[in-house]
Structures are given as C-alpha cells and as structure tokens.
Amino acid sequence: MTDLSEQKRPLLPGQAYDARQPLLVFDGVCVFCSGFVQIVLKIDRNKRFRLATAQSPLGEALFREHGLPTEDYDSNLAIIDGAAFTKLDSFVAVMAALGWPWRAARLLIVLPRPLRDWLYDRIAKNRYALFGRKDSCEIPSAELRQRLIS
C-alpha cells in the first residue's frame with residue numbers, strides 16, 4: 001500500500017468544488033439540458049452556480065455518490081447548501097435558489113412526489129427524441145467556461 005502525499009491524493013467529489021456555491025450537474029450532450037443551463041446562466045445575476053457535465057469525471061463521481069446511473073444521465077443533479085436534489089426537485093431547487101420571480105417554481109412541490117417523478121421521467125426518457133442530442137459536449141461560451149468545473 002502506498003501513502004500518497006497530500007498533493008498527489010486524488011480529490012474526492014466533494015473536494016473538487018467549493019461546496020458553498022450551488023452546483024448543477026447536467027447531461028452535456030442533451031440539447032434540452034444544455035438549454036436549461038443557458039437559462040440558468042442568464043438569470044443567475046450573482047453568478048453563484050457552478051456547472052459540471054455528467055460526462056466529466058466530477059459529474060460521473062457525483063452521480064455515483066448520489067446513487068444515480070452513469071450509463072444514462074436521465075436526471076440532473078443539483079447540490080445546494082449541501083443538499084442533493086434530482087429530477088423535478090432539482091429544477092425546483094435551482095429556480096428557488098435564483099430568487100424571485102423564479103422562486104415561484106416551488107409551487108410544483110405541491111404535486112405528490114410520484115406525480116412529479118412521473119412527469120420528469122416522461123420528459124427525461126424522451127429528451128433526445130423531443131429536443132435532440134449533440135455528438136459531444138459543446139464548446140462552452142466564455143461565460144460557461146468560467147463556471148464549468150471538470
């Protein structure tokens with residue numbers, strides 16, 4: 001067994017980003033998911049959110065850490081104030097963190113979880129057919145590059 005020095009020790013997913021900032025992990029080849037990220041970038045006036053694609057080493061590790069499949073990224077993952085959110089709850093948590101009027105998305109929580117998950121799953125399972133798929137993660141804009149974590 002080797003003892004790795006502190007500098008050579010691999011970063012754990014929680015150490016790879018500043019946990020004080022919200023993180024959104026999304027499917028980088030999904031047109032719909034990338035569109036949502038572009039909207040978040042536009043309305044996040046305080047530039048709090050950091051981003052990672054699910055296909056990145058950090059994204060994949062976080063998906064595994066939170067029990068999400070890594071062969072098909074059919075959920076996004078938001079980590080806000082140390083709490084992890086998936087499916088429609090992720091969307092609600094992201095919008096709520098962006099402040100008013102986006103906070104109104106919290107109204108979706110009145111739907112029972114099985115219904116929320118069912119609605120989310122219908123879109124997620126058909127997202128490529130409905131909105132398209134890119135061959136690879138797109139080259140991010142300068143704004144996105146500043147907030148993207150690998």
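- Under the rule for a salt bridge (charged side-chain N to carboxylate O under 4.0 Å, His left out), R103 has no partner lying at least two apart in sequence or in another chain.
- In this structure, V25 and T53 have side chains that are not in contact, with every pair of non-hydrogen atoms separated by 4.5 Å or more.
- What you find for K87 and S75 is that their closest heavy atoms are N-OG, 3.0 Å.
- F32 is linked by a side-chain contact (heavy atoms from CB on, under 4.5 Å) to C30, I123, F131, counting only residues two or more places apart in sequence or in another chain.
- The structure places CG of L62 at 12.0 Å from OG1 of T70, a figure rounded to the nearest 0.5 Å.
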Only pairs under 3.5 Å count here: list side-chain donor-acceptor contacts from residues 76-83, not counting sequence neighbours, and write none if there are none.
residue: N76; atom: OD1; partner: S90; partner atom: OG; Å: 2.4

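- D27 places a side-chain N or O within donor-acceptor distance of the main-chain N or O of V29, the cut-off being under 3.5 Å.
- Residue pairs that meet the ring pair (Phe, Tyr, Trp, His ring centres under 6.0 Å) test with at least one member in residues 89-111, sequence neighbours left out, are F36-F91.
- Under the side-chain hydrogen bond (donor to acceptor under 3.5 Å, both in side chains) criterion, N126 pairs with no residue at all, not counting sequence neighbours.
- Interatomic distance, CG of L68 versus CG of D74, reported as 8.5 Å (0.5 Å rounding).
- Counting only residues at least two apart or on different chains, the side chain to side chain donor-acceptor pair (under 3.5 Å) pairs with a member in residues 107-117 are D89-R113, D89-R116.
- In terms of the side-chain hydrogen bond (donor to acceptor under 3.5 Å, both in side chains) criterion, residue partners of R64 (sequence neighbours excluded) are, by chain and number, E60.
- Between the CD1 atom in I109 and the CG atom in L88 there is a gap of 7.0 Å [rounded to 0.5 Å].
- Judged by distance alone, with hydrogens and angles left aside, the side-chain atoms of Q55 form a donor-acceptor pair with the main-chain N or O of G28 at under 3.5 Å.
- Within the 4.5 Å cutoff, the side chain of L98 has heavy atoms near those of the M95 side chain.
- For P112, the side-chain contact (heavy atoms from CB on, under 4.5 Å) partners are P114, L115, not counting sequence neighbours.
- With rounding to the nearest 0.5 angstrom, the CZ atom of R48 is 8.5 Å from the CD atom of Q21.
- A donor-acceptor contact shorter than 3.5 Å is absent between the side chain of R45 and the backbone of K42.
- When the ring-ring contact (aromatic ring centres under 6.0 Å, His included) test is applied to F63, the partners found at least two apart in sequence or on another chain are Y73.
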